[in-house]
Amino acid sequence: MSYPPPIKACDRRDSWAYDTVARRLSEICLKIIPENEFSPEIVGNLEKLAADIPQGTIRHLLDTDSRDATDWQNYIQPYLGQSWLEVPWFFAETYFYRRIIEAIDYFRLQIDPYLLQKKLGLERSHSSIQVLSQKLNRSLKDADRVQTIALIHASLWGNRVDLSLWPAEHGDRSISESEQEKHRILADDSDRTVDLLQKRGDRVDFIVDNAGFELFCDLCFADFLLTSGLSQQVFIHGKSHPTFVSDAMVKDVLDTVNYLQNHSELEIKRVGDRLQDHLDRDRLSLRHHFFWTSPLAWWEMPSDLCQNLADSNLVIVKGDANYRRLLGDRYWSFTTPFSEIIGDFPTSILALRTMKAELACGLQPGQAEWLQKEDPQWMTNGQRGVIQLSVKA
Ligand SMILES: O=P(O)(O)OC[C@@]1(O)O[C@H](CO)[C@@H](O)[C@@H]1O
């Protein structure tokens, strides 16, 4: 298969990619200093990293005893000596978050630098958690097509809250007016997804994205699948180390279930209790793999993970960074069909993504041009999304 070129920050100075590398990454790096109590040495490491972006050059990692060190040596080799702006944007970002792991000595100290943001993100989405909990508890009495689509949409719009973009202190961005939202879904395979789940939804895997409200929405969808009987087994795949500020790890899933279970409001507590029961009965299982923190495209997935996902009936991939990984973060034509890019994925795959980066696929002819006139920020302001399904026969 021939691939279009990868997005690079240096391609366009007015791009979101350029703004992310030239400005946002160093801001994200410096922001975690006051949010944690790091040693002077670690603070120095972070300040040096922030000062190095974007004019500095790519170098090998120093924490060479970490489990992912050999893989990262291979990832870095082709880009040694290039500037942060010249390398592919997806490499620059995943490498940046891995450089933070090095700077804070994460694998030895095990400090999640984004914990405060994750905690605030959950606590400040309280009203939306309350609304969705009530909807979920009621929906379980009649888990029909309409309810299933409602949970698909809730999982999609839960992605709109991304703490690397809208830090939790900016208030509750999670409330979604689902009915008025439909026109903001640029490609909607919800119905075909329900058809697939009703036929063969025994095992569903979520490649989750952000902790906080988005993870809560994904856990509600998982609970709905298991409690309704649509699925017998759900796997949640988290990141192997803190990354992209709010990306969820296994520990964040357990913390979220614990938060729900100990909530004073009964509707919320009921969701937490069911999720704990699913975990206790091994119907809900938690996994992580270093592939999900790598700079690799989905078609470079290691065989062990590929074989594991091949046993799933449907892999649900959440969020913008994971979507970028599915597309290899490349300049596909906006009308290239999603299934053409995803083609050989080991099983059926559903992407639920709000748009926060300048790439897209599977749109209708003329749709992108219309959107550009309607809203020049349509690809990056998180106000539109896609629900795209590629079915493995
Ligand atoms: O995966 P998420 O949380 O939906 O979004 C993450 C992300 O969109 O945030 C940055 C802003 O564009 C990008 O670098 C990255 O793709």
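Just follow the structure's listing: the first ligand is 1, and inside any ligand the first atom is 1. This is a predicted model, so every value here is computed, not measured. Numbers here are sequence positions counted from 1.
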Whether Phe290 and His288 hold their rings parallel, tilted or perpendicular, with breakpoints at 30° and 60°
perpendicular
Can Tyr114 and Glu35 be counted as having a side-chain donor-acceptor contact under 3.5 angstrom?
no
Note: Tyr97, heavy atoms under 4.0 Å from ligand 1, region reported as neither
Asp209 N/O under 3.5 Å from ligand 1 N/O:
yes
Give yes or no for whether the N/O distance cutoff of 3.5 Å, strictly under, is met between Asn322 and ligand 1.
no
Could you walk me through whether Trp89 and Tyr18 pass ring-ring contact (aromatic ring centres under 6.0 Å, His included), step by step?
CA-CA 8 Å; Trp89 182 32; Tyr18 181 86; over 10 Å; no
Just go through Lys356, Arg324, Arg325, Met379 and tell me whose heavy atom is the nearest to atom 15 (C) of ligand 1.
Arg324
State the atoms of ligand 1, each with its element, that fall below the 4.0 Å cut-off from a heavy-atom position in Arg24.
10 (C), 11 (C)
With a 4.0 Å heavy-atom cut-off (strictly under), which part of Arg353 contacts ligand 1: side chain, backbone, both or neither?
neither
Consider every N or O of Ala321 and every N or O of ligand 1, then say whether any pair is closer than 3.5 Å.
yes
Show me which atoms of ligand 1 lie under 4.0 Å from any heavy atom of Phe244.
15 (C)
Which heavy atom of Leu156 sits nearest a heavy atom of Gly385, and at what distance?
CD1-CA, 4.3 Å
Between Trp299 and Tyr3, does the ring centre distance come in under 6.0 Å?
yes
Heavy-atom distances under 4.0 Å are what count here, so tell me which part of Ala357 touches ligand 1: side chain, backbone, both or neither.
neither
Ring centres under 6.0 Å, that's the criterion: do Phe334 and Trp378 meet it?
yes
For Glu93, the ligand 1 atoms whose distance to one of its heavy atoms is below 4.0 Å
13 (C), 14 (O)
Region of Trp16 engaging ligand 1 - heavy atom pairs below 4.0 Å:
side chain
Plane angle bin for Tyr323 and Phe338 - parallel if under 30°, tilted between 30 and 60°, otherwise perpendicular:
parallel
Out of all atoms in ligand 1, which are within 4.0 Å of some heavy atom of Trp89? Include the element for each.
14 (O)
Stepwise ring-ring contact (aromatic ring centres under 6.0 Å, His included) check, His126 with His263:
CA-CA 10 Å; His126 169 260; His263 206 284; 5.3 Å; yes
